[in-house]
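Here the structure is laid out as structure tokens; the discussion comes afterwards.
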Amino acid sequence: MYDKNIDKKWQKVWEDSKCFSAVDDFSKEKFYALIEFPYPSGAGLHVGHIRPYTGMDVIARMKRLQGYNVLYPIGFDAFGLPTENYAMKTGIHPRKVTDDNIKNFTNQLKSVGFSFDWDRVIDTTKDDYVKWTQWIFLQLFKKGLAYKDKTYVNYCPKCRVVLANEESQGGVCDRCDSQIVQMEKEVWMLKITDYADKLLEELNNLDFPDRVKTEQINWIGKSTGAQVKFKIKDTDEILEIYTTRPDTIYGVTYMAIAPEHELLDKLKDKIKNFDKIQEYRKEAMKKSEFERTQIVKEKTGVKVEGIEVINPITNKLIPLLVTDYVMVNYGTGAIMAVPAHDDRDYEFAKKFNLDIIPVVKPVNGELPEDKAYTSDEGIAINSDFLNGLNVKEAKEKMTQYMEENKIGVRKSQYHMKDWAFARQRYWGEPLPIVKCEKCGLVPIPEEELPLTLPKIENFIPGEDGKSPLVNVDEWVNTKCPKCSGHAVRETDTMPQWAGSSWYFLRYADPFNDKELASMDKLKYWLPVDQYNGGMEHVTRHLIYSRFWHRFLYDIGVVPTKEPYKKRTTHGLILGPDGNKMSKSKGNVVNPDEIVKEYGADTLRTYVMFIGDFSLSAAWSDNGVKGAKKFLDRVARIKDFTTNEYIENKELESNLHSMIKKVTSDYTDMKFNTAIACMMSYVNLLYKEEKVSVNYVKPLLILLNPVAPHVTEQLWEDLGLEGHIFESKWPQFDETKTVADMVEIPVQVNGVLRYKINVSKDLEQQEVEKIALAEPKLENYTRGKNIVKVINIKSKIINIVVK
RNA sequence: GCGGGUAUGGUGGAAUUGGCAGACACGCCGGUCUUAGAAGCCGGUGCCGAGAGGCGUGAAGGUUCAAGUCCUUUUACCCGCACCA
């Protein structure tokens, strides 16, 4: 039996021996295994944490036994709203809440037996960590990558904070699901768009799953096209537009401009229906971004009377319309509309009775009657010197022509926006900047870092997007570091994502007070060899941290362009009802209870066996019992294990193929099939009266990463030397992985009819002879001729008859 | 709308350079042990059929000696993005 009470005993042995602490011995081959560090919420460890942590734990433990110097660190991403909200509710200071939660998390993590290096624990809210988060911010500021800007920001009225684009996907708050609103506000931004191309390019050199790459590529959303100048008749003004289809310029029948566009104000005097335009603009701006981007919405707009735009290629006059289907914050906020080849323009043109001129026809077939032809498989028509060219050639030729004639320039656009980097809350890193009346925005000198939070009682944020820090006069009022005059501090704090954007660097050198981490240590430990995390972070944390890391590389602080060599992802664990676990649904499984009732190894084995690691899977209490049963079965092997050597050919070949399979399956994170393979092997052991300890020992080492407690115990019970954590990973002999006799299935016309047993070394021709000599064959060939025999070595024989 | 993913027994899931579909486990059935039960151990279990045999990987076609796997068409569900010009 696997007695859960042994868990504590082994956890103490590991802790006392420090066998999982990484050493900075640069002569050894390293392996840096990383999981996304938890947010220490009051709810405690979730069963969703167990799966990725165990998965990486298996790999970390295997790598150690394979002789690697493994760094498998843990820390806490502890700034953030839930803690602050809890503090507001209870009156307990966020510092205390955080410390208590971390203590609780630590105990829980230890009770599951993860092989983390507990000597390198990071808490992002501690002064010695905040110091370097702020330091990085200052470097960004110095390079012009942190700037303050008055723009429309996503604002969550419930949380009372500004949100980054990444946090307001779908028009709702990431955290509380409230509708977000657009608020004009001056906030700190990080210029992540400057790094869009670098982030995109390096993706090619990374070992990330395709769907992760695809999601990041889509999020960055690069498009290439041209920015083109259209003159406005009888004025000096120019309407600049961005298009990905310069080849369709002969098909432009109107121009469309966003309601917010400033050109409308400039042309005020020439616009005959300016009142009507103003009315429309007011209406449009009332709508939230979310409303404006609803698909079902009818297109609206107003013709700008008195204004005509000149097509720079044809010199034809075209009308200008203002419409909210054109976004002010993408491209130039204005477009050339080609209804024949754009769905939105088509819809709009139909509604407002505007011309539709086709300028591209399909290679084969006719132009569609009732919709736009948007495919770029086509040939230019009605387009003067472009006629006959395919879309790609036409695009290139037109762009060149535009550049030569100074009508337009080649241009790339990105879907990704700059990162709104400020939250109007208390529990975050203060922005190390002061506002001086004379000197403007002034960074705090680096030697004064960290800038710590003042102790306050009231954490409730202000109504209109103001931080609770605004009210702390003695903290806010300060001296300008430049001129010593009066200055006020920034009262916004950094978003939750700040600390997690560089924590993997600090693990390499967690106590360094001179630099964020020493170059020597970073050179040894970086990049992270494998980083496992959830899909939900692909367009947030994973992009942000790649951005910060690349910036730090560019200023010479870190040795690699990219932080993570390989990224893997885990699927969600769903509730027993197949739904996402949530308190409201009452389907949450508490890992503590599983550990208490069945032992840590049962929990670990179960979550590893539950299914494909990267796919979601529903929790099953019966499955947990099955895992326990398997571990009990393993523990009972000792009842029939003997020290005398008993040769067993069958066990021998199975042992070697198991070592091979388990090793590669662990590496590929196919834990479920690795465990299935070990289960089969255990089933084989049970068929024997007595088994030699040689056939048990390797099994214990292979199973150890998944079930470390029970295997160490059994190792001790069998009187084996030392501990498993001091052992070597077993090696397999390829020649021994195949049994002496192999079974070959024989098909007739593709249908399995019988099987033959042959020696593994038998010539293929001989195998075929045996297959054809089988008396049963007659039943299927009667009255027919054997036309052909397909003979695939040690796989299958197919006899084709007619 | 665009991009990505998934679909296999009563259940979770195995199986990819195309080569035995259903490994392993849960559940269920039977045996053994027991005064009895539980646990353990052993065996059975895709569907139809008494059997021979036939059918079977969301659906419909196709390629092939051979298709869960490749091709064409299509359905359902999940995730991401979404008037991005």
Side-chain angles (χ1 to χ4, degrees), chain A residues 1 169-171 209-219 221-223 225 241-245 248 256 290 292-297 299 323-327 329-338 341-345 347-348 374 413-417 535-536 538-539 571-572 578 580 606 609-612 614-627 629-630 632-633 636 639 670 672-683 686-687 743-755 779 787-802:
Chain A
M1 285 287 280
Q169 296 176 20
D210 283 343
R211 53 184 184 147
V212 172
K213 286 190 184 181
T214 312
E215 234 174 77
Q216 290 209 343
I217 291 167
N218 291 345
W219 184 257
K222 181 174 183 167
S223 72
I241 61 96
Y242 172 72
T243 179
T244 56
R245 294 292 301 273
T248 61
F290 186 61
R292 271 182 70 174
T293 56
Q294 287 290 311
I295 3 157
V296 282
K297 206 201 59 178
K299 292 210 172 6
T323 169
D324 67 2
Y325 87 79
V326 177
M327 303 291 135
N329 48 17
Y330 188 80
T332 61
I335 61 159
M336 63 177 216
V338 187
H341 305 293
D342 181 282
D343 292 327
R344 295 148 300 174
D345 297 348
E347 194 192 325
F348 191 81
T374 55
Q413 283 290 337
Y414 302 91
H415 177 183
M416 185 168 69
K417 294 175 185 167
M535 282 305 289
E536 69 275 19
V538 168
T539 52
L572 287 178
K580 213 169 160 176
Y606 174 62
F609 189 59
I610 194 169
D612 186 321
S614 66
L615 300 177
S616 57
W619 185 267
S620 150
D621 290 326
N622 276 330
V624 177
K625 287 180 192 144
K629 200 168 140 187
F630 168 61
D632 286 344
R633 226 166 128 78
R636 271 195 304 269
D639 298 344
K670 288 157 84 177
N672 53 337
T673 49
I675 292 170
C677 177
M678 289 185 282
M679 285 173 167
S680 299
Y681 184 77
V682 170
N683 290 343
Y686 268 74
K687 290 208 162 70
E743 197 182 54
I744 306 286
V746 182
Q747 297 178 331
V748 178
N749 284 351
V751 181
L752 178 71
R753 292 303 180 182
Y754 52 89
K755 293 172 180 179
N779 298 338
V787 187
K788 193 167 27 164
V789 177
I790 312 282
N791 186 354
I792 310 293
K793 194 175 184 330
S794 53
K795 278 267 160 90
I796 206 159
I797 290 175
N798 189 10
I799 300 162
V800 186
V801 299
K802 242 183 193 165

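Protein chains get the first letters and strands the later ones, always in sequence-line order, with residue 1 at the start of each.
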Distance in angstrom units between [X] [atom1] and [N] [atom2], rounded:
{"X": "A/Met535", "N": "B/rG5", "atom1": "CE", "atom2": "C1'", "answer": "9 Å"}
{"X": "A/Met416", "N": "B/rA82", "atom1": "CE", "atom2": "P", "answer": "13 Å"}
{"X": "A/Ile796", "N": "B/rU64", "atom1": "CD1", "atom2": "P", "answer": "19 Å"}
{"X": "A/Asp639", "N": "B/rC41", "atom1": "CG", "atom2": "P", "answer": "11 Å"}
{"X": "A/Tyr606", "N": "B/rC24", "atom1": "OH", "atom2": "P", "answer": "19 Å"}
{"X": "A/Asn798", "N": "B/rC65", "atom1": "CG", "atom2": "P", "answer": "10 Å"}
{"X": "A/Arg753", "N": "B/rA66", "atom1": "CZ", "atom2": "P", "answer": "14 Å"}
{"X": "A/Glu347", "N": "B/rA85", "atom1": "CD", "atom2": "P", "answer": "17 Å"}

Using the [atom1] atoms only, state how far [M] lies from [N], rounded to an integer number of Å.
{"N": "B/rG30", "M": "B/rG18", "atom1": "P", "value": "45 Å"}
{"N": "B/rC79", "M": "B/rU11", "atom1": "P", "value": "22 Å"}
{"N": "B/rA85", "M": "B/rC77", "atom1": "C1'", "value": "32 Å"}
{"N": "B/rU72", "M": "B/rG12", "atom1": "C1'", "value": "33 Å"}
{"N": "B/rG62", "M": "B/rU57", "atom1": "P", "value": "15 Å"}
{"N": "B/rG46", "M": "B/rC78", "atom1": "C1'", "value": "27 Å"}
{"N": "B/rC20", "M": "B/rG10", "atom1": "C1'", "value": "24 Å"}
{"N": "B/rC55", "M": "B/rG49", "atom1": "P", "value": "16 Å"}

A/Leu752 has a side chain; which of B/rA82, B/rC20, B/rC41 sits nearest to it?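 My answer, after comparing the listed nucleotides, is B/rC20.
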Closest of B/rC24, B/rG4, B/rC83 to the A/Ala676 side chain is B/rC24
When all nucleic acid strands are considered with a 4.0 Å heavy-atom cut-off, which category describes [X]: base, sugar-phosphate, or nothing?
{"X": "A/Asn218", "answer": "sugar-phosphate"}
{"X": "A/Thr539", "answer": "nothing"}
{"X": "A/Asp345", "answer": "nothing"}
{"X": "A/Glu215", "answer": "sugar-phosphate"}
{"X": "A/Asp612", "answer": "sugar-phosphate"}
{"X": "A/Ile217", "answer": "nothing"}

Taking A/Asp342 for its side chain and A/Ala337 for its backbone only, find out whether a donor-acceptor pair lies under 3.5 Å. no
- Query: Side chain of A/Tyr606, backbone of A/Ser620: donor and acceptor closer than 3.5 Å?
  - Reply: yes
Polar side-chain contact A/Lys755-B/rC20 base: donor and acceptor under 3.5 Å | yes
Here the pair of heavy atoms bringing A/Pro745 nearest to A/Lys755 is CA-CG, 3.9 Å
Is the closest side-chain heavy-atom distance between [X] and [Y] below 4.5 Å?
{"X": "A/Asn798", "Y": "A/Lys788", "value": "no"}
{"X": "A/Met1", "Y": "A/Arg636", "value": "yes"}
{"X": "A/Glu347", "Y": "A/Tyr325", "value": "no"}
{"X": "A/Arg211", "Y": "A/Val538", "value": "no"}
{"X": "A/Asn329", "Y": "A/Lys417", "value": "yes"}
{"X": "A/Val800", "Y": "A/Asn749", "value": "yes"}

Margin query: Looking at B/rA85, I'd like to know if its phosphate oxygens (OP1 or OP2) sit under 4.0 Å from a side-chain N or O belonging to A/Tyr330.
Written below: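 Indeed, a polar side-chain atom of A/Tyr330 lies that close.
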- B/rA39 OP1/OP2 closer than 4.0 Å to side-chain N/O of A/Arg636: no
Here RNA chain B, pairs taken as Watson-Crick or G-U under 3.5 Å and shown with ( ), [ ] when crossing and | when to another strand, reads (((((((..(((......[....)))((((((.......))))))(((....)))..(((((..]....))))))))))))....
Reported [atom1]-to-[atom2] distance for the pair [X] and [Y], which is rounded to 0.5 angstrom:
{"X": "A/Glu215", "Y": "A/Asp210", "atom1": "CD", "atom2": "CG", "value": "12.5 Å"}
{"X": "A/Tyr414", "Y": "A/Tyr330", "atom1": "OH", "atom2": "OH", "value": "10.0 Å"}
{"X": "A/Lys629", "Y": "A/Asp632", "atom1": "NZ", "atom2": "CG", "value": "10.0 Å"}

message = Need to verify one output field. Residue with the more 5' nearest nucleotide on RNA chain B, A/Pro745 or A/Met336?
response =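 Result of the comparison: A/Pro745.
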Check: Of A/Tyr414 and A/Ile792, whose closest RNA chain B nucleotide lies nearer the 5' terminus?
Finding: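 Counting from the 5' end, the first nearest nucleotide belongs to A/Ile792.
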Regarding B/rG18, purine or pyrimidine glycosidic angle vs 90° from 0 gives anti
Just the atom pairs and distances: protein N or O near nucleotides 25-28 of chain B's N or O, under 3.5 Å.
residue	atom	partner	partner atom	Å
B/rA25	OP1	A/Asn683	ND2	3.1
B/rC26	OP1	A/Lys629	NZ	3.3

